[in-house]
Amino acid sequence: MTSTISAGATVLAIGATGSIGRLVVDDLIRHGFAVRALVRDPSRARATLPDSVDLVRGDLATGEGLADAVAAVDGIVFTHGGDPRTVDYEGVARLIDALGESRPRIALMTSMSVSVGSDVYGGVLHWKRRSERLVRAAGLPHTIVRPGWFDNETADQTGLVLEQGDATPLNDRRGVARVDIARTLVASLTSDAATDVTLELFAAPGAKPSDWAAAFAALDKDDAEALAGAHDAGVALADEPDEVLADIDRLRG
Ligand SMILES: NC(=O)c1ccc[n+]([C@@H]2O[C@H](COP(=O)([O-])OP(=O)(O)OC[C@H]3O[C@@H](n4cnc5c(N)ncnc54)[C@H](OP(=O)(O)O)[C@@H]3O)[C@@H](O)[C@H]2O)c1
């Protein structure tokens with residue numbers, strides 16, 4: 001059974017007004033998806049998003065509007081960014097709870113270095129790693145993209161590499177173009193080979209993937225037991241805080 005989706009399917013964009021989300025929306029439309037966006041302020045969002053996008057008012061921090069946002073969606077792309085705990089982590093938990101029995105295809109953007117974690121930036125790397133674990137625990141068909149530093153690529157880095165193991169130190173500041181992050185997230189929705197895969201994404205000398213299915217097929221699947229990306233050597237599941245382990249137990253059912 002395939003868990004991928006194709007043109008005509010309805011995809012919910014979370015973080016659609018953001019610097020990556022806005023590019024995701026354009027790419028979803030280019031692929032022929034019907035696009036719905038969860039937005040906190042519809043009148044502000046209307047000014048930046050194409051008219052064809054269906055806007056649903058809601059808030060990841062409170063849960064408002066989430067049930068309406070996920071009704072009958074075939075896919076969800078997460079590119080949100082807010083308070084690390086209440087939005088980046090708990091927002092994902094609320095959204096998964098709102099899904100009930102439905103199992104849309106998920107593309108979740110987090111960040112390089114999440115598996116290792118760090119207390120920088122309010123602990124955002126820890127909370128994003130934990131949000132990845134929620135998606136894996138819920139058993140939703142997913143691809144997790146961990147980009148490097150937005151638009152921090154150098155002139156010779158005209159290509160794109162998909163890596164695993166999350167071994168690059170954050171302070172190396174390896175970059176990747178925002179537009180390539182959006183393209184990778186959207187391409188993952190349509191590729192069986194991308195299902196249940198976690199990857200780091202960086203610009204590099206060379207070429208961009210011309211065959212996304214082949215690029216995803218070269219990667220290993222997530223470690224379902226450890227709820228980690230393949231080859232992650234960072235924070236173990238057992239070392240997550242008790243409240244996170246409780247969320248994971250609940251979602252594993
Ligand atoms: N900068 C980097 O190099 C880098 C690298 C890797 C990962 N990241 C991560 O990427 C994420 C996104 O970055 P960005 O620059 O694209 O962010 P951004 O432009 O600030 O966009 C954030 C998006 O999240 C939405 N959002 C925030 N709080 C929300 C809530 N309570 N409910 C619903 N939606 C909410 C915002 O909606 P509104 O329009 O309502 O505000 C906006 O659409 C961040 O978490 C960041 O940590 C950044």
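Ligands are counted one by one from 1 in listed order, and the atoms in each one are counted from 1 as well.
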Which one holds for T110 and ligand 1: side chain close, backbone close, both close, or neither close, with close meaning a heavy atom under 4.0 Å? backbone
Between L237 and Y89, is there shared hydrophobic-cluster membership here, with clusters defined by ILVMFWY side-chain heavy atoms closer than 4.5 Å? yes
Counting heavy atoms only, which of L60, T62, L125, V114 comes nearest to atom 33 (C) of ligand 1? L60
Looking at ligand 1, does M109 have a heavy atom less than 4.0 Å from it? yes
Is L95 reachable from L251 through a run of I, L, V, M, F, W or Y residues, each pair having side-chain heavy atoms under 4.5 Å apart? yes
Side chains of R174 and T168, donor plus acceptor under 3.5 Å: yes
With a 4.5 Å cut-off on side-chain heavy-atom distances among I, L, V, M, F, W and Y, is there a chain of contacts connecting F150 to V77? yes
Considering only protein heavy atoms, determine whether one is less than 4.0 Å from atom 40 (O) of ligand 1. yes
Under 4.0 Å from any heavy atom of G18, which atoms of ligand 1 are there? 18 (P), 19 (O), 21 (O), 42 (C), 43 (O)
Below 4.0 Å from ligand 1: does a non-hydrogen atom of D41 turn up there or not? no
With a 4.0 Å cut-off on heavy atoms, is V87 in contact with ligand 1? yes
Using only atom types and a distance under 3.5 Å, with no angle test, would you say the side chain of R22 pairs donor to acceptor with the backbone of T48? yes
For atom 46 (C) of ligand 1, what's the nearest protein heavy-atom neighbour? Residue, atom name and distance, please. K128 CE, 4.2 Å
Please confirm whether N152 comes under 4.0 Å of ligand 1, counting heavy atoms of the residue only. no
Is the closest basic N to carboxylate O distance between D247 and R250 below 4.0 Å? yes
May I ask whether G148 places a heavy atom under 4.0 Å from ligand 1? yes
Qualifying residue for salt bridge (charged side-chain N to carboxylate O under 4.0 Å, His left out) with E132, from K128, R130, R136: R136
Any N or O of M112 closer than 3.5 Å to N or O of ligand 1: no
Considering only the protein, which heavy-atom contact is closest to atom 25 (C) of ligand 1, and what is its distance? G15 CA, 4.0 Å
Out of curiosity, is R44 lining ligand 1, as in a heavy atom under 4.0 Å away? yes
Give the single entry among D88, D59, T86, I181 that approaches atom 31 (N) of ligand 1 most closely by any heavy atom. D59
Quick one: closest heavy-atom pair of G206 and T158, and the distance? O-OG1, 3.0 Å
Does I5 offer a backbone N or O that forms a donor-acceptor pair with the side chain of R105 under 3.5 Å? no
Among protein heavy atoms, which sits nearest to atom 14 (P) of ligand 1, and what does the distance come to when rounded to 0.1 Å? S19 OG, 3.5 Å
Out of the candidates V11, V24, D26, I181, only one should pair with V186 under the side chain to side chain contact (heavy atoms under 4.5 Å, CB included) rule; please name it. V24
Under 4.0 Å from a heavy atom of S111: which atoms of ligand 1 are those, numbered in the order shown and with their elements? 6 (C), 7 (C)
Of all the non-hydrogen atoms in the protein, which one sits nearest to atom 3 (O) of ligand 1, and at what distance? F150 N, 2.8 Å
Provide the number and element of each atom of ligand 1 under 4.0 Å from a heavy atom of I20. 16 (O)
Where ligand 1 meets T79 - atom numbers and elements under 4.0 angstrom, heavy-atom basis: 12 (C)
So which heavy atom in the protein is nearest atom 35 (C) of ligand 1, and how far is it from that ligand atom? R40 NE, 3.9 Å
Looking only at protein heavy atoms, which one is nearest to atom 27 (C) of ligand 1, and how far off is it? G81 O, 3.2 Å
Interatomic spacing from CD1 in I106 to CD1 in I76 - rounded to 0.5 Å: 4.0 Å
Any atoms of ligand 1 less than 4.0 Å from a non-hydrogen atom of A61? List them with their elements. 31 (N)
Element-labelled atoms of ligand 1 that are located less than 4.0 Å from some non-hydrogen atom of P147: 6 (C)
List every atom of ligand 1 that sits less than 4.0 Å from any heavy atom of H80, numbering the atoms from 1 in the order shown and giving each element. 11 (C), 12 (C), 24 (O), 45 (O)
Using a strict cut-off of less than 4.0 Å between a Lys/Arg side-chain nitrogen and an Asp/Glu carboxylate oxygen, indicate whether R30 and D27 qualify as a salt bridge. yes
Are any side-chain N or O atoms of T143 and backbone N or O atoms of A194, one a donor and one an acceptor, separated by less than 3.5 Å? yes
Atom CZ of R57 with >12 non-hydrogen neighbours under 6.0 angstrom: no
Find out if a path of hydrophobic residues (ILVMFWY) with successive side-chain heavy-atom gaps under 4.5 Å connects V87 to I144. yes
Is T17 close to ligand 1, meaning an N/O of one under 3.5 Å from an N/O of the other? yes
